[in-house]
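Both counts, for ligands and for their atoms, begin at 1 and track the order of listing. Everything numeric in this text was worked out from a predicted model, so none of it was measured.
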Amino acid sequence: MAGERPPPLELCKAVNDLDKIVLREPRGCSAEVRPPSLSLDSALRLDVRLLLVCRSDLDLCIILRCLNASSIHCCIVSLVFTGKSSSAFPPSFPPILDLSVFLGYITPKIVLSLQAAFKPPQAIRGGIPICFPQFSSSGNLEQHGFARNKFWTVDTNPPPLPTSSSVKSYVDLILKPTQDDLKNWPHSYEFRLRVGLVLGGNLLLTSRIRNTNSDGKPFSFTIAFHTYVSLSDISEVRVEGLETWDYLDNLKEGQRFTEQGDALTFESEIDRVYVGTPTKIAIIDHEKKRTLVMRKDGLPDAVVWNPWNKKAKSIPDFGDDDYKRTLCVGAANVEKPITLKPGEEWTGRLELSLVASSYCSGQLDPQKVLRGL
Ligand SMILES: O=P(O)(O)OC[C@H]1O[C@@H](O)[C@H](O)[C@@H](O)[C@@H]1O
């Protein structure tokens, strides 16, 4: 509903008398924010770095690392799809005591490399790195732009955003350039990201990028949500929704080809940008009998990347066998950069839902999959 305010936050006590903020939606999904020894107000005003980590096959944890002028605190947000309580880190949880800056998330749908380094300014290998304002190495900036390595802040007073009534809890984040950042990319912008939990557990990312230049100059950017999809095995996976579409092949100097098959399957390295694709893409995992459905708006392209075995060995934060259990399928705007004049704003949306596959003995009903049935 347009202009709807966020649902009220419930402030209560967690284990060890810690404060806890809880967001709830009617079917039992909940989001918890635990700001140790901080009041709700001060927690929400802190700078934040965000990582959502899979704690079990069903839970989603967002780890918010917060920094204020005098001290450093950690906040945990758990999106608990099952209504199960989610109060402790898994024993294998990677240390978050470094100061790397990143934005990414992990769910059972999404994977984080076990080799992921949490060392700034290196990006975190996994989750959904946000490539902005440059995709890949197509410009003068660092690979995939700087947004995936920056501090984001919780935005306590975002401009109204039309929000579907099925979005039951969400957090608003914002990225703005510092004076130092402007030396690297001389444009003022506000990049707002709403991470929303939809009724039933879908994840909805809504992005708004505004040109706030005061010098009257437009800027252009490309963008990708480089989703690391979690797989049983790459040989068991097919991607539907990209067949018959044109793609730019980064393994062949960006040459343009047309996808010929009736679906994508994988037997070797792939590094492509499919252009002007449909808004729904299905990543079907036959072994797990489940399908990740990606719905995107304002993001006409789709990147597909898997380094395969040889290149995987040359990527330090990518395990030798990680190529078997992940595939990057990202909603993107790459082919035709977006240009914003001062005061103009671009909006893009990405929704991820996990559905049981209707694939059975070789028969898949793509319409059902794409409708999320
Ligand atoms: O290692 P990074 O920077 O996360 O990028 C991974 C890959 O992402 C792909 O989208 C790019 O086309 C590749 O060139 C790149 O190697």
Which atoms of ligand 1 are found less than 4.0 Å from any heavy atom of [X]?
X: S136; result: 11 (C), 12 (O), 14 (O)
X: N250; result: 12 (O)
X: H226; result: 8 (O), 9 (C), 10 (O)
X: D271; result: 9 (C), 11 (C), 12 (O), 13 (C), 14 (O)

Between V303 and ligand 1, find which residue part has any heavy-atom pair under 4.0 Å and reply side chain, backbone, both or neither.
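None of V303 does.
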
Ligand 1 contact on K311 by region, counting heavy-atom pairs under 4.0 Å
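Looking at K311 and ligand 1, no heavy atom falls under 4.0 Å.
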
Please determine whether a side-chain nitrogen of the Lys or Arg among D246 and R256 lies less than 4.0 Å from a carboxylate oxygen of the Asp or Glu.
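Salt bridge: yes.
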
May I have the step-by-step check of side-chain contact (heavy atoms from CB on, under 4.5 Å) for W305 and N250, ending in yes or no?
CA-CA 10 Å; W305 178 70; N250 291 327; over 6 Å; no

Is the number of heavy atoms from other residues, nucleotides or ligands under 6.0 Å of Q255 CD greater than 12?
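Yes - once you tally the heavy atoms of other residues, nucleotides and ligands closer than 6.0 Å, there are more than 12.
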
Please say whether more than 12 non-hydrogen atoms of neighbouring residues, nucleotides or ligands are located less than 6.0 Å from CG in D215.
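Yes.
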
Return yes when F318 approaches ligand 1 closer than 4.0 angstrom through a heavy atom, no otherwise.
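Under 4.0 Å: no for F318.
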
Contact between E142 and ligand 1, counting heavy atoms under 4.0 Å?
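No; E142 lies far enough from ligand 1 that no heavy-atom distance drops under 4.0 Å.
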
Counterpart residues, side chain to side chain contact (heavy atoms under 4.5 Å, CB included), relative to T212 (two or more places apart)
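Only S188, E190, R210 meet the side chain to side chain contact (heavy atoms under 4.5 Å, CB included) criterion with T212.
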
How would you list, by chain and number, every residue that makes a side chain to side chain contact (heavy atoms under 4.5 Å, CB included) with T347, sequence neighbours excluded?
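In terms of side chain to side chain contact (heavy atoms under 4.5 Å, CB included), with neighbours along the sequence ignored, T347 is linked to T206, R208, E345.
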
Under the 6.0 Å and 45° cation-pi test, does K176 pair with F191?
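So K176 doesn't make the cation-pi contact.
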
To which of R272, Q143, R148 does the heavy atom nearest atom 4 (O) of ligand 1 belong?
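Going through R272, Q143, R148 one by one, R148 has the nearest heavy atom to atom 4 (O) of ligand 1.
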
